[in-house]
Amino acid sequence: MASCDPVKKLPEGEEFQYDIGEVVYYKIDNMPMLIDKRMYKKGKKMYKVVFKNEDGQLLFNVVSEHEILSAPPFNRARI
């Protein structure tokens with residue numbers, strides 16, 4: 001089973017930015033997601049994430065590290 005661990009494939013000296021179980025946000029639409037698994041595919045750090053759609057169903061997706069934010073951006077404009 002240890003050979004199946006995707007973290008073992010990460011190049012030496014590199015680390016994942018987010019931990020399993022951490023709540024993160026998708027850059028494009030600020031959708032909150034939960035990190036389910038960390039992977040290293042085709043030279044990119046990837047994460048399998050869980051999120052709810054508008055109907056409340058749990059969905060899974062794989063996103064790259066650069067598509068994730070640790071906190072949602074906020075609008076600084078004052079009205």
Side-chain angles (χ1 to χ4, degrees):
M1 288 300 254
S3 64
C4 296
D5 187 5
V7 176
K8 300 261 186 222
K9 297 178 184 177
L10 195 62
E12 192 172 324
E14 287 195 40
E15 295 180 2
F16 284 101
Q17 187 172 350
Y18 306 104
D19 292 323
I20 294 172
E22 186 172 348
V23 175
V24 293
Y25 299 86
Y26 193 49
K27 252 185 197 180
I28 296 170
D29 61 4
N30 302 318
M31 171 71 72
M33 306 177 294
L34 184 68
I35 301 289
D36 185 50
K37 186 176 184 181
R38 299 186 291 192
M39 301 178 273
Y40 190 71
K41 287 184 172 181
K42 299 180 184 177
K44 294 183 182 179
K45 292 183 238 180
M46 309 285 285
Y47 298 88
K48 181 178 177 186
V49 295
V50 180
F51 61 98
K52 284 187 178 181
N53 66 6
E54 293 173 359
D55 298 327
Q57 297 173 321
L58 288 180
L59 301 174
F60 294 88
N61 198 9
V62 175
V63 295
S64 64
E65 191 169 83
H66 76 275
E67 296 176 310
I68 298 176
L69 299 171
S70 60
F74 58 93
N75 188 353
R76 294 180 183 214
R78 294 185 184 232
I79 298 175

task = Could you please spell out the steps behind the side-chain contact (heavy atoms from CB on, under 4.5 Å) verdict for Val63 and Tyr26?
result = CA-CA 9 Å; Val63 295; Tyr26 193 49; 3.9 Å; yes
Ignoring hydrogens and angles, write down the donor-acceptor pairs under 3.5 Å from the side chains of residues 27-36, residues two or more places apart or on other chains.
from  : atom 1 : to    : atom 2 : distance (Å)
Lys27 : NZ     : His66 : O      : 2.9
Asp29 : OD1    : Met31 : N      : 3.1

Glu65 side, atom CD; Met39 side, atom CE - distance, nearest 0.5 Å = 12.0 Å
query = Which residues satisfy the salt bridge (Lys or Arg N to Asp or Glu O under 4.0 Å) test with Glu14, sequence neighbours excluded?
reply = Lys45
Residue list, ring pair (Phe, Tyr, Trp, His ring centres under 6.0 Å) with Tyr18, at least two apart or on another chain = Tyr47
message = Using side-chain contact (heavy atoms from CB on, under 4.5 Å), reason through Lys52 and Leu59 one step at a time and then give a plain yes or no.
response = CA-CA 6 Å; Lys52 284 187 178 181; Leu59 301 174; over 6 Å; no
key: CA sep, side-chain torsions, deciding dist, call: Phe16, Leu10, side-chain contact (heavy atoms from CB on, under 4.5 Å)   = CA-CA 9 Å; Phe16 284 101; Leu10 195 62; 3.7 Å; yes
Applying side-chain hydrogen bond (donor to acceptor under 3.5 Å, both in side chains), can you list everything that pairs with [X], at least two apart in sequence or on another chain?
X: Asp55; result: none
X: Glu67; result: Ser64
X: Glu22; result: none

query = Would you call Tyr40 and Met46 a side-chain contact if the rule is heavy atoms closer than 4.5 Å?
reply = no
